[in-house]
Amino acid sequence: MQQPELGIKINELRKAHGWSQEDLALEANINVRSVQRIESGEVKPRLSTLKNLSDLLEYDLLEKESQEANLWLMVMHLSCMFPVVVVPLFIWIWRRNDDSRINEHGPVLINFQLSLIIYMFIGGLLSLIGIGLILLPLFSIWLFFITLINTIKVAIGQQYNYPLSMKIIKL
C-alpha cells in the first residue's frame, strides 16, 4: 500500500480502536510527529514500523508490499537465465530495504551469476580444444531449467537452490 492510502488506512484503523495519535505512538514506540506524518501521507514508514503498526492495528498493511516484493523476486530469479549481473544487483540495491527476502536473495543470485560468468569463460576456453563445444550447450540447457524451477519455487514460497554457485559475496 502506498501513501496517501496507507496513511488514510492507518488513521481509520487507529480511530476504530479508539486511540489518539498519542496512544498509537506510545504503543508503537514511535514519536507522535511520526504518526502524524504517516497519517498525513508525508512519509512512508520503515518496514519494521509498518510491521509493528500491522500487529497493533490488527490489519495486514504489508499485503501489497509482499505482492510487490514477490514480483521483484521473480524478476531477479528470471534474470539468472542471462549471465548479466546488473539486473539482480540493481534490484537488490534498490529494493533491499523494502523486503527482507529481497535482501536475502540478492547476494545468492549475484553469486550465482558471477559463477555463471566464470563457468562460461572456462567453457569458452575449453571450446578451443573441443570439449567446450559439448559443455556450453549442456550448461545452457541446465541454466535454463534450474532458473525456471527456482523462479517457480520462489513464486509459490518454496525453498530454492542454485547448485554450483560460488560464495563470492557474503552477507
Side-chain angles (χ1 to χ4, degrees), residues 1-7 9-10 30 34 38 41-55 59-171:
M1 196 176 303
Q2 297 294 325
Q3 287 291 26
E5 296 88 16
L6 178 65
K9 188 65 178 177
I10 291 172
I30 57 177
S34 294
I38 291 168
E42 290 177 44
V43 297
K44 183 176 179 182
R46 292 185 193 153
L47 187 61
S48 59
T49 303
L50 206 50
K51 286 178 184 176
N52 192 14
L53 289 172
S54 290
D55 292 341
Y59 184 85
D60 189 6
L61 298 167
L62 298 169
E63 180 182 347
K64 229 175 192 176
E65 299 289 322
S66 181
Q67 291 172 354
E68 187 176 326
N70 284 341
L71 174 67
W72 286 115
L73 284 171
M74 290 190 321
V75 168
M76 287 174 70
H77 282 271
L78 276 176
S79 73
C80 288
M81 284 190 189
F82 311 101
V84 181
V85 181
V86 176
V87 175
L89 179 64
F90 175 75
I91 294 171
W92 177 54
I93 290 171
W94 178 42
R95 307 290 298 191
R96 68 180 168 200
N97 294 328
D98 294 344
D99 193 284
S100 62
R101 294 173 302 155
I102 291 175
N103 198 30
E104 293 166 10
H105 290 229
V108 172
L109 297 172
I110 293 166
N111 283 334
F112 180 65
Q113 289 206 336
L114 290 173
S115 300
L116 288 177
I117 292 169
I118 293 168
Y119 296 143
M120 293 182 114
F121 178 76
I122 293 169
L125 290 178
L126 290 174
S127 293
L128 298 174
I129 58 172
I131 298 170
L133 297 175
I134 297 168
L135 291 178
L136 281 176
L138 291 175
F139 185 70
S140 297
I141 293 168
W142 172 80
L143 171 64
F144 174 79
F145 283 108
I146 197 72
T147 302
L148 194 59
I149 289 167
N150 282 325
T151 302
I152 292 169
K153 284 182 174 182
V154 167
I156 60 177
Q158 291 183 355
Q159 202 61 8
Y160 64 95
N161 181 30
Y162 285 101
L164 304 177
S165 184
M166 296 181 232
K167 302 282 188 235
I168 299 168
I169 296 176
K170 298 177 185 176
L171 278 183

Could I get the full list of ring-ring contact (aromatic ring centres under 6.0 Å, His included) partners for Phe139, not counting sequence neighbours? Trp142

For Trp94, all residues meeting ring-ring contact (aromatic ring centres under 6.0 Å, His included), sequence neighbours excluded: Trp72, Phe90

Measure across [X] and [Y] and return the closest heavy-atom pair with its distance rounded to 0.1 Å.
X      : Y      : value
Leu116 : Cys80  : CD1-O, 3.6 Å
Trp92  : Ile110 : CE3-CD1, 3.5 Å
Met74  : Ala155 : SD-CB, 3.3 Å

Distance in Å, [X] [atom1] paired with [Y] [atom2], rounded so as to fall on 0.5 Å steps:
X      : Y      : atom1 : atom2 : answer
Ile10  : Thr49  : CD1   : OG1   : 9.5 Å
Leu143 : Leu136 : CG    : CG    : 11.0 Å
Ile93  : Asn103 : CD1   : CG    : 11.0 Å
Lys9   : Leu53  : NZ    : CG    : 13.5 Å
Leu50  : Lys44  : CG    : NZ    : 7.5 Å
Leu78  : Leu148 : CG    : CG    : 7.5 Å

Evaluate Tyr160 against Val108 for side-chain contact (heavy atoms from CB on, under 4.5 Å), listing each step before the verdict. CA-CA 10 Å; Tyr160 64 95; Val108 172; 3.8 Å; yes

Residues in salt bridge (Lys or Arg N to Asp or Glu O under 4.0 Å) with Glu42, at least two apart? Arg33, Arg37

Side-chain contact test, heavy atoms from C-beta onward, threshold under 4.5 Å: evaluate it for Ser79 versus Gln113 and give yes or no. yes

Please list, chain by chain and in numerical order, all residues satisfying side-chain contact (heavy atoms from CB on, under 4.5 Å) with Ile117, sequence neighbours excluded. Pro83, Val85

Leu135: what forms a side-chain contact (heavy atoms from CB on, under 4.5 Å) with it, not counting sequence neighbours? Leu126, Ile131

May I have the list of side-chain donor-acceptor pairs in residues 162-171 shorter than 3.5 Å, sequence neighbours left out?
| residue | atom | partner | partner atom | Å |
| --- | --- | --- | --- | --- |
| Tyr162 | OH | His77 | ND1 | 2.7 |
| Ser165 | OG | Phe112 | N | 3.3 |

Before giving the answer on side-chain contact (heavy atoms from CB on, under 4.5 Å), spell out for Ile152 and Gln158 the whole-Å C-alpha distance, their side-chain angles and the decisive distance to 0.1 Å. CA-CA 8 Å; Ile152 292 169; Gln158 291 183 355; over 6 Å; no

